[in-house]
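Have a look at the structure below before the remarks.
Everything numeric in this text was worked out from a predicted model, so none of it was measured. All residue numbers in this chain count up from 1 along the given sequence.
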Amino acid sequence: MESPEAGGTVSPEEDFSFVSPIVKFVLFFFNLLFWVSDSGTPPYQGEATMACLVVDPAILLIVVGVLTFLIAFCGCTGSLRENIVLLQAFSICLAIVFLLQLVAGVLGFVFSDKARGKVSEIINGAIMHYRDDLDLQNLIDFGQKEFSCCGGVSYKDWSQNMYFNCTMDNPSQERCSVPFSCCLPDDDEVVINTMCGHGIQAMGYVEASAVIYTHGCIDSLVNWINRNLFLLGGIALGLAAPQLVGILLAQILISQIRDQIKLQLYNQQHRADPLY
């Protein structure tokens, strides 16, 4: 039998390939989509919002962006070049990300009290910086309206803000007030009354409950999570499914590449055999 290098015909055995082009290119486009979707995330520059969070969002976005680039690079290049090392790196990285998400979910459930304390700390920090950042202000107003709540634990938490502080030496016109987003909705109201929360902190709970939501947003958030566990579980599954699919495709392609390497070695050994 003549070898392909000598200009002869190629045997059917040499034409055959274990590597499926479908698996190869599905994995490539999977990573390409993963890469493009992450590159479209805009950085956030609100200083007051950053001060309320545990990690600076700009740094977090940079770290996530770099990790996403490296993972997607390993997946794209490894699938196109049929490189086992890059595919193994891609598979291991996805598995680590998946396990970290799983561990975070379990720890959040087991240490729910500590998680609640951290959420309370973040909300209190946001209350303190309410007037410092328009984006943060809009976010808090949206949350209080959406969850029908006011403050972290109660409406009196707004006294932590320098403008809403209830001390006698506070010269602010908003002294002892709460944001308008705490107020109960009025169906007959055409124009939003932004002064509806004026002087509310000086009232008792019963009197204030006729005007605003008196319960805090932490309890409202916990109740919302309990009511929507199936929805949150579905979202978590939706985020985990692509990662598991990526790991599965990478392992299938690695197995096919190894089988192809064995086939090539087998053909080389037989071409060297004078009786082949």
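- A distance of 15.5 Å separates CD1 in Ile252 from NZ in Lys24, rounded to the nearest 0.5 Å.
- Heavy atoms from other residues, nucleotides or ligands lying under 6.0 Å from CD1 of Ile235 number more than 12.
- For the residue pair Asn170 / Ser172, no side-chain donor-acceptor distance below 3.5 Å is found, with atom types taken as modelled.
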Show, in sequence, the C-alpha distance, side-chain angles and deciding distance for Leu249 and Phe28, and conclude whether the side-chain contact (heavy atoms from CB on, under 4.5 Å) test is met. CA-CA 10 Å; Leu249 289 174; Phe28 170 77; over 6 Å; no
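- Taking hydrophobic clusters as Ile, Leu, Val, Met, Phe, Trp and Tyr residues chained together by side-chain heavy-atom distances below 4.5 Å, Ile71 shares a cluster with Val26.
- At a threshold of 4.5 Å between side-chain heavy atoms, the hydrophobic network of Ile, Leu, Val, Met, Phe, Trp and Tyr places Ile96 and Leu99 in two separate groups.
- Panel note: side chain Gln256, backbone Ser20; a donor-acceptor pair is recorded below 3.5 Å.
- The closest donor-acceptor contact from the side chain of Gln144 to the backbone of Gly151 lies under 3.5 Å.
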Start with the C-alpha distance between Gln268 and Leu265, add both sets of side-chain angles, then the distance that settles side-chain contact (heavy atoms from CB on, under 4.5 Å), and finish with yes or no. CA-CA 5 Å; Gln268 289 175 0; Leu265 291 174; 4.0 Å; yes
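- Two residues are said to be in side-chain contact when any heavy atoms from C-beta on lie closer than 4.5 Å; Phe90 and Ile247 fail this criterion.
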Tell me, with the steps shown, if Cys182 and Cys150 meet disulfide (SG to SG under 2.5 Å). CA-CA 5 Å; Cys182 288; Cys150 186; 2.1 Å; yes
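- The two residues Gln88 and Arg258 have their closest heavy-atom pair at NE2-NH2, 3.4 Å.
- Scanning all heavy atoms of the two residues, the minimum distance from Asp157 to Ile127 falls at O-CG2, 3.8 Å.
- How far CE of Met203 is from NZ of Lys156: 10.5 Å, rounded to the nearest 0.5 Å.
- On the SG-SG cut-off of under 2.5 Å, Cys217 and Cys149 qualify.
- Asn267 places no side-chain N or O within 3.5 Å of a backbone atom of Gln264 that could act as its donor or acceptor partner.
- Separating the CZ atom in Phe73 from the OG1 atom in Thr68 is a distance of 15.0 Å, to the nearest 0.5 Å.
- Applying the ring pair (Phe, Tyr, Trp, His ring centres under 6.0 Å) test to residues at least two apart or on different chains, the pairs with a partner in residues 179-219 are Tyr155-Tyr205.
- The CG atom of Leu94 sits 10.5 Å away from atom CD of Gln251, with the distance rounded to the nearest 0.5 Å.
- Ring geometry, Tyr130 versus Phe164: the interplanar angle falls from 30° to 60°, so the pair is classed tilted.
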Stepwise side-chain contact (heavy atoms from CB on, under 4.5 Å) check, Arg81 with Leu86: CA-CA 9 Å; Arg81 302 293 297 175; Leu86 290 178; 5.9 Å; no
Checking Gln260 against Glu82 for the side chain to side chain donor-acceptor pair (under 3.5 Å) test, could you report, in this order, the C-alpha distance in whole Å, the side-chain angles of both residues, the deciding distance, and whether it holds? CA-CA 10 Å; Gln260 183 64 23; Glu82 299 180 9; over 6 Å; no
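- Asp186 is not listed as a side-chain neighbour of Leu184, based on a closest heavy-atom distance of 4.5 Å or more.
- For the cysteine pair Cys183 and Cys196, the distance separating the two SG atoms is below 2.5 Å.
- Side-chain atoms of Asn83 and Thr77, non-hydrogen and from C-beta on, never get closer than 4.5 Å to each other.
- Under a 3.5 Å cut-off, the side chain of Ser177 and the backbone N or O of Gly199 do form a donor-acceptor pair.
- Taken together through direct or relayed side-chain contacts under 4.5 Å among Ile, Leu, Val, Met, Phe, Trp and Tyr, Leu134 and Ile140 form parts of separate hydrophobic clusters.
- Gln201 and Cys166 make their closest contact through CB-SG, 4.0 Å (heavy atoms, listed as atom of the first residue, atom of the second, distance).
- Both Phe29 and Leu80 belong to a single network of hydrophobic side chains, linked directly or stepwise wherever heavy atoms of I, L, V, M, F, W or Y lie under 4.5 Å apart.
- No side-chain donor-acceptor contact under 3.5 Å links Asn228 to the backbone of Leu231.
- A distance of 11.0 Å separates CG in Leu136 from CZ in Arg131, rounded to the nearest 0.5 Å.
- Scanning all heavy atoms of the two residues, the minimum distance from Leu27 to Leu253 falls at CD2-CD2, 3.9 Å.
- A donor-acceptor pair is defined here as one N or O able to donate and one able to accept, closer than 3.5 Å; such a pair exists between the side chain of Asn165 and the backbone of Ser159.
- Contact check for Ile257 versus Ile261: side-chain heavy atoms found under the 4.5 Å cut-off.
- Checking side-chain atoms of Ser79 against main-chain N and O of Gly75 turns up a donor-acceptor pair under 3.5 Å.
- Under the 3.5 Å distance criterion, the side-chain polar atoms of Ser209 are matched with a main-chain donor or acceptor of Val206.
- Between Phe147 and Ile218, the closest side-chain pair of non-hydrogen atoms is not below 4.5 Å.
- With rounding to the nearest 0.5 angstrom, the CG atom of Asp132 is 9.5 Å from the CD atom of Gln137.
- Note on Leu248: it clusters hydrophobically with Leu87, by side-chain heavy-atom contacts below 4.5 Å among ILVMFWY residues.
- Counting heavy atoms of neighbouring residues, nucleotides and ligands inside a 6.0 Å radius, atom CE of Met128 does not exceed 12 of them.
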